[in-house]
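Remarks on the structure that follows.
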Amino acid sequence: MGSPVVLLDVDGVLNPFERPHRGFQRHRCSPNGMPFSLWLNPGHGQALLDLAESTGAELAWASYWCDNANEWIAPRVGLPELPFVPIPQFPGIRMGRTLGAWKARHVAEWAEGRPFVWFEDEPDATDCIAGEPGVAEHLLVEVDPMTGLTDEHLGIAATWLRALSG
């Protein structure tokens, strides 16, 4: 089975659409030469590291940021370089898939049967990941993209991960 994985989306999860409270700081970056503004909470890194350590899980990116998350997000929230799910550019609705379904397909394949928690804000991702063939035990923690990741989300994930080993 392998150790469980905690999968992190960036936009809408670590980078909410609006600044939810003063704990979030504005950052400017330019992944692939495109200027971008982020709201990031420097406390998220330690909270995620604590979650992983206390549950025996590993952290990984599950975001269109792919490896760019290691350069632009990780150092600003206090995370080390993490592995990432290689999610190619979304081909669009014309290919018969929604954004959540597209990401779910790649997440399920990358996890290779390992249990995982996925912090995600795409509204259809829960149904989509459950429909993927061979997907491992998982919990999709739906995050409101206006508020981003909260202590409540981390608590839900911790409870589920601890139940895996118990």
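As a basis for the values below, the full set of heavy atoms in this structure was taken, side chains included, without hydrogen atoms, waters or symmetry mates. Residue numbers count from 1 along this sequence.
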CG (D151) and NE2 (H44) are apart, to the nearest 0.5 Å, by 7.5 Å

So CG of L139 and OG1 of T126: to nearest 0.5 Å the spacing works out to 8.5 Å

> Do R162 and T55 have side-chain atoms, one donor and one acceptor, less than 3.5 Å apart?
Replying inline: no

Flag the pair D67 / P86 as yes when at least one side-chain heavy-atom distance between them is below 4.5 Å, and no otherwise. no

Report the C-alpha separation of F116 and V135 in whole Å, then their side-chain angles, then the decisive distance to 0.1 Å, and conclude whether the side chain to side chain contact (heavy atoms under 4.5 Å, CB included) test is met. CA-CA 10 Å; F116 62 88; V135 69; 3.8 Å; yes

Begin from the C-alpha positions of D9 and V143 and carry the test side chain to side chain contact (heavy atoms under 4.5 Å, CB included) through to its verdict.
CA-CA 10 Å; D9 186 19; V143 176; over 6 Å; no

A side-chain contact here means heavy atoms from C-beta on lying under 4.5 Å apart; do N41 and V77 qualify? no

What I'd like to find out is whether the side chain of L79 reaches to under 4.5 Å of the side chain of I73, using heavy atoms alone. no

Dump the intermediate steps for side chain to side chain contact (heavy atoms under 4.5 Å, CB included) on V6 and F119, then the final yes or no. CA-CA 8 Å; V6 175; F119 293 114; 3.5 Å; yes

Value for NE2 (H153) from CD (E120), rounded to nearest 0.5 Å, stands at 11.5 Å

Practice item. Would you check if the side chain of N70 reaches a backbone N or O of L82 as a donor-acceptor pair within less than 3.5 Å? Key: yes

Check your understanding: More than 12 non-hydrogen atoms from neighbouring residues, nucleotides or ligands closer than 6.0 Å to CZ on R22, yes or no?
Key -> no

Output for pair (C29 SG, M34 CE), nearest 0.5 Å, gives 11.0 Å

* Mind running side chain to side chain contact (heavy atoms under 4.5 Å, CB included) on E152 and L154 for me, showing each step along the way? => CA-CA 5 Å; E152 181 180 351; L154 294 165; over 6 Å; no

In short, P80 meets A74 closest at the heavy-atom pair O-CB, 3.8 Å

Closest non-hydrogen contact found for A104 with E132 is O-CG, 3.9 Å

Inset, instruction - State yes or no: do F24 and V13 share one hydrophobic cluster built from I, L, V, M, F, W and Y residues joined by side-chain heavy-atom distances below 4.5 Å, directly or via other members? - result: no

Handout entry: Within-4.5 Å side-chain heavy-atom neighbours: L149 and L48
Key = yes

### Query
Side chains of P88 and Y64: does their closest heavy-atom pair fall under 4.5 Å?
no

Scanning both residues in full, the closest heavy-atom pair of D121 with G12 reads OD2-CA, 3.7 Å

Smallest heavy-atom separation, L7 atom then A62 atom, equals CB-CB, 3.8 Å

* **Lys/Arg-Asp/Glu bridge criterion (N-O < 4.0 Å) met for R114, E58** => yes

Can you find a heavy atom in the side chain of L14 that is under 4.5 Å from one in the side chain of W61? yes

*When you measure from the side chain of H138 to the backbone N and O of A136, does any donor-acceptor pair fall under 3.5 Å?*
yes

Closest non-hydrogen atoms of Q25 and H27, given as atom of the first, atom of the second and distance, are O-CD2, 3.3 Å

>> Has N15 got a side-chain atom pairing as donor or acceptor with W39's backbone, closer than 3.5 angstrom?
In response: yes

**Prompt:** Side chains of D124 and D127: does their closest heavy-atom pair fall under 4.5 Å?
**Reply:** no

So CD of E53 and CD of Q46: to nearest 0.5 Å the spacing works out to 8.5 Å

Residues G78 and L49: closest non-hydrogen pair is O-CD1, 3.6 Å

Does the separation of the ring centres of F36 and W65 fall below 6.0 angstrom? yes

One should read off an interatomic distance between L40 CG and R76 CZ, to the nearest 0.5 angstrom, of 7.5 Å

(request) May I ask you to test the V141-W160 pair for a side-chain heavy-atom distance under 4.5 Å? (result) no

Lys/Arg N to Asp/Glu carboxylate O, E122 vs K103, below 4.0 Å:
no

